[in-house]
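The structure appears below as structure tokens.
Note on naming: letters A, B, ... go to the chains in the order of the sequence lines (proteins, then strands), and numbering restarts at 1 for each one.
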There are 2 protein chains.
Amino acid sequence: MGKRSSGAPTLSDVAALAGVSPATASKALNGRGEVAAATRTRVLDAAEKLAFQPNALARSLVSGNSSTIGLLTSDSGGRFSIPVLLGAENALGDNQISVLLADARGDVIRERHYVRTLLAQQVAGLIVVGESSNRRASIGRDLAVPVVYAYAESTDPQDLSLLPDDRVGARMAVEHLHSVGRRKIAHITGPVDYRATRDRVTGLTEFLQEAGLPLAGREVRYGEWSQRWGRHAAEFVLNDDPDVDAIFCGSDQVAAGVTETLAARGVRVPDDIALVGFDNWEIFSSETSPPLTTVDMNLQRLGATAAQHLFAAIGGEKITGVQHLPCRLVIRDSSGGR
Amino acid sequence: MGKRSSGAPTLSDVAALAGVSPATASKALNGRGEVAAATRTRVLDAAEKLAFQPNALARSLVSGNSSTIGLLTSDSGGRFSIPVLLGAENALGDNQISVLLADARGDVIRERHYVRTLLAQQVAGLIVVGESSNRRASIGRDLAVPVVYAYAESTDPQDLSLLPDDRVGARMAVEHLHSVGRRKIAHITGPVDYRATRDRVTGLTEFLQEAGLPLAGREVRYGEWSQRWGRHAAEFVLNDDPDVDAIFCGSDQVAAGVTETLAARGVRVPDDIALVGFDNWEIFSSETSPPLTTVDMNLQRLGATAAQHLFAAIGGEKITGVQHLPCRLVIRDSSGGR
DNA sequence: TTGTACGCGTTATCAT
DNA sequence: ATGATAACGCGTACAA
């Protein structure tokens with residue numbers, strides 16, 4: 001047959017079948033230059049018949065710009081990187097752009113290795129996703145391709161970092177509790193060395209002060225991102241402050257634990273205590289009883305925005321600094337808010 | 001400087017700096033052909049100084065074999081694809097192979113699109129990960145590159161599919177319950193139209209028959225993969241068969257729900273009822289109270305095996321059919337087994 | 001031991 | 001409107 005030795009048909013095969021030169025075939029397929037309508041259809045038919053797929057590698061080699069971007073992540077569960085990836089893929093759309101994913105597992109050595117590998121693959125840009133949104137070392141300044149940090153903040157202010165607006169997100173959560181009549185709001189959250197934890201506390205505190213409310217439950221309960229901690233902390237809160245009428249949790253996972261303790265002690269949600277989580281991690285937020293009102297960080301949108309900025313930067317439009325993207329309140333039954 | 005117009009230094013730059021031809025530089029860097037020790041070090045130094053990174057695209061173009069494989073997935077949460085990806089990356093090791101990830105989101109159209117895109121990127125092979133391990137349509141026979149289905153079974157017996165051995169895994173779980181003295185074992189699991197569900201029931205049933213035990217809890221409780229279902233099903237089981245002394249759950253998520261009901265009814269785990277889950281999904285299995293004995297599907301190993309088979313197939317060693325890889329029992333406190 | 005020349009598949013330029 | 005030619009960056013026969 002008209003095929004070459006190793007499988008896939010090439011542009012030359014198509015050209016030969018259509019009885020034209022490779023150059024003309026290229027123009028016809030890409031809609032560039034002047035090609036007679038008749039020849040164009042001949043070429044298109046030939047390509048169709050051979051199931052021709054242009055070799056993206058060769059194309060990139062000549063054009064200089066590759067059709068892939070790199071996604072460098074460190075969250076081994078994919079908790080953040082997958083939504084970001086989906087968002088990026090969405091934004092990339094039919095641009096024929098692919099995503100090269102590398103999981104550095106929080107290891108700096110491996111990370112450097114992957115950066116090199118990705119660059120060797122001629123990625124057009126890099127998105128760096130953190131295992132948390134904490135500040136982290138920049139992967140470097142002069143990388144030949146633009147870099148966007150998504151759900152991660154680079155220590156280098158010359159980099160562009162995209163973060164969810166945890167502060168305002170938390171504020172929305174507490175505002176909501178306030179709007180449904182709660183006045184004794186406690187806060188159970190994760191480790192204090194997470195930027196997200198602190199920002200959420202800030203948003204909470206700001207609102208309480210403006211509303212002239214004290215924090216219930218004696219103090220902010222810092223702990224771990226786990227159901228276990230949620231269960232224990234809820235005990236502490238209830239013991240120290242039986243009048244609490246709402247608990248805002250720093251994550252849905254923690255809220256799931258809180259729910260268990262409330263159920264065990266016969267406390268009704270939301271009648272006795274209203275509950276709001278954070279993350280909209282559906283395996284928790286949709287599965288507690290009752291389902292959880294929570295704050296969605298819009299990670300997909302974050303990923304989409306990252307991809308857009310990457311394109312802008314490739315086009316020369318470089319932006320630096322930290323951008324906070326809005327969160328979204330998802331109201332379910334646990335807050336009695338609907 | 002010695003740099004070219006658009007950034008990255010090329011082999012020619014290195015050669016020029018070392019005062020040799022590109023061909024010699026290539027040999028020196030790749031350790032091929034005869035190169036004088038002195039020249040080699042000169043070339044290596046030059047490469048070092050320029051931070052030279054060979055262009056993987058150009059390299060693949062000439063050698064014909066690309067340095068990337070494609071991972072086509074459909075599990076939007078990354079629940080299965082991430083472990084498989086990590087395992088594959090491990091097996092790939094320092095082979096300088098990268099993974100191009102595409103999430104088709106269960107959409108056949110999108111899937112076909114991504115297959116084309118990945119092939120256009122000249123991937124050396126494809127790993128297909130399912131959203132469940134159910135049988136699914138093959139992505140095609142003559143794809144020019146080998147394909148391995150991991151945590152998915154192709155309908156085409158000419159394809160190679162890698163699955164966890166759910167049947168034996170379930171058997172191990174129940175054997176364990178039996179070995180710690182339980183004789184009234186109930187089973188709460190997910191939808192019956194999951195192959196995994198049915199295989200686990202088969203393993204359970206086989207062992208019970210061999211051991212001469214009836215199934216407790218009246219019948220296999222099919223439902224959903226959710227805590228909600230676990231909570232409800234546990235009520236049914238306890239109401240229908242108060243003597244149950246063990247519950248084997250088809251997933252850790254379901255087991256988490258079961259735990260909640262048991263706690264609410266004052267049933268002690270494992271003293272009154274021993275509990276075993278399935279998946280070793282740590283956000284559940286490590287977080288229930290007490291932590292869950294469960295079956296780990298070794299998804300990372302599955303991914304590693306998939307990558308190895310892919311290499312074998314690229315080397316011409318094609319295998320077909322379905323392979324079941326062993327699961328691993330993880331013993332924690334919920335079964336009282338240690 | 002080293003260098004020259006060519007090809008991988010594609011696109012862009014410039015003749016024709 | 002079409003085609004020959006060069007170029008992208010690299011590896012590799014083959015010649016020197």
Side-chain angles (χ1 to χ4, degrees), chain A residues 2-43 46-47 50-67 96 119-124 144, chain B residues 2-43 46-47 50-67 96 119-124 144:
Chain A
K3 287 197 175 181
R4 298 189 67 78
S5 54
S6 86
T10 75
L11 183 61
S12 301
D13 296 329
V14 175
L17 183 58
V20 297
S21 78
T24 305
S26 173
K27 289 172 201 155
L29 288 171
N30 298 315
R32 281 184 235 272
E34 308 293 305
V35 179
T39 25
R40 151 163 303 141
T41 50
R42 262 205 341 278
V43 171
L50 295 179
F52 169 71
Q53 274 295 124
N55 183 327
L57 268 46
R59 187 176 273 185
S60 298
L61 186 59
V62 51
S63 71
N65 45 29
S66 117
S67 49
Q96 305 286 62
L119 290 179
Q121 300 283 348
Q122 309 299 114
V123 292
Chain B
K3 287 198 176 181
R4 298 189 65 82
S5 54
S6 84
T10 75
L11 184 61
S12 302
D13 295 328
V14 176
L17 183 57
V20 297
S21 77
T24 305
S26 171
K27 289 171 199 156
L29 288 170
N30 298 317
R32 278 184 236 273
E34 308 293 307
V35 179
T39 16
R40 151 162 305 143
T41 50
R42 270 216 323 287
V43 172
L50 296 179
F52 169 70
Q53 276 295 125
N55 183 327
L57 267 46
R59 187 178 273 189
S60 298
L61 186 58
V62 53
S63 71
N65 44 28
S66 120
S67 50
Q96 305 286 62
L119 290 179
Q121 301 282 348
Q122 309 300 113
V123 293

message: I need the CG-P distance between A/L61 and C/dT11, as an integer number of Å.
response: 12 Å
message: By the 4.0 Å heavy-atom rule, please label A/A36 as base, sugar-phosphate, or nothing.
response: sugar-phosphate
- prompt: Between B/N30 (CG) and D/dA13 (P), how many Å, whole number?
  reply: 13 Å
- prompt: In whole angstrom, what separates A/E34's CD from C/dA12's C1'?
  reply: 15 Å
Candidates D/dT2, C/dT2, C/dG3 - which lies nearest the side chain of B/T39: C/dT2
- request: Remember a base hit wins even if backbone is also touched, and classify B/P54 as base, sugar-phosphate or nothing at under 4.0 Å, heavy atoms.
  value: sugar-phosphate
query: Among C/dA12, D/dG3, C/dT4, which nucleotide sits nearest the side chain of A/R32?
result: C/dA12
message: I'd like to know whether B/N30 forms a side-chain contact (heavy atoms from CB on, under 4.5 Å) with B/R59, so could you lay out the CA-CA distance, the side-chain angles of the two residues, the decisive distance to 0.1 Å, and finally the verdict.
response: CA-CA 12 Å; B/N30 298 317; B/R59 187 178 273 189; 3.6 Å; yes
- request: Using atom CZ of B/R59 as one end and atom C1' of D/dG9 as the other, report the distance to the nearest whole Å.
  value: 11 Å
message: Using a heavy-atom cut-off of 4.0 Å across all strands, would you classify B/S60 as base, sugar-phosphate, or nothing?
response: nothing
message: With side-chain contact (heavy atoms from CB on, under 4.5 Å) as the criterion, how do B/L57 and A/Q122 come out once you've worked through the C-alpha distance, each side chain's angles and the decisive distance to 0.1 Å?
response: CA-CA 7 Å; B/L57 267 46; A/Q122 309 299 114; 3.9 Å; yes
query: Rounding to a whole Å, what distance do you find between B/Q122:CD and C/dC8:P?
result: 14 Å
- line: Side-chain contact check for B/T10: nearest option of D/dC10, D/dT12, C/dT1 is D/dC10
Sidechain-backbone polar pair: A/S60 side chain, A/A56 backbone, donor-acceptor under 3.5 Å: yes
- request: Have a look at B/L11 and say if it touches a base, only the backbone sugar-phosphate, or nothing, with a 4.0 Å heavy-atom cut-off.
  value: sugar-phosphate
field: Most 5' of B/P22 and B/A58 on DNA chain C, judged by nearest nucleotide
entry: B/P22
task: For B/S63 and for A/V62, find the nucleotide of DNA chain D with the closest heavy atom, then tell me which residue's nucleotide is more 5'.
output: A/V62
- prompt: How long is the line joining CG of A/L57 and C1' of D/dG11, in whole Å?
  reply: 15 Å
message: Does D/dT2 have its OP1 or OP2 closer than 4.0 Å to a side-chain nitrogen or oxygen of A/T24?
response: no
- request: Give one of base, sugar-phosphate or nothing for B/S26, where a contact means two heavy atoms less than 4.0 Å apart.
  value: base
message: Against A/L11, only a single residue in A/L29, A/V43, A/N55 fulfils side chain to side chain contact (heavy atoms under 4.5 Å, CB included); can you say which?
response: A/L29
- request: Take atom CZ of A/F52 and atom P of C/dG9, then tell me their distance rounded to the nearest Å.
  value: 10 Å
Expected output: side-chain B/R42 to main-chain B/A18 donor-acceptor under 3.5 Å: yes
Rounded distance (Å) that lies between atom P of D/dT5 and atom NZ of A/K27: 14 Å
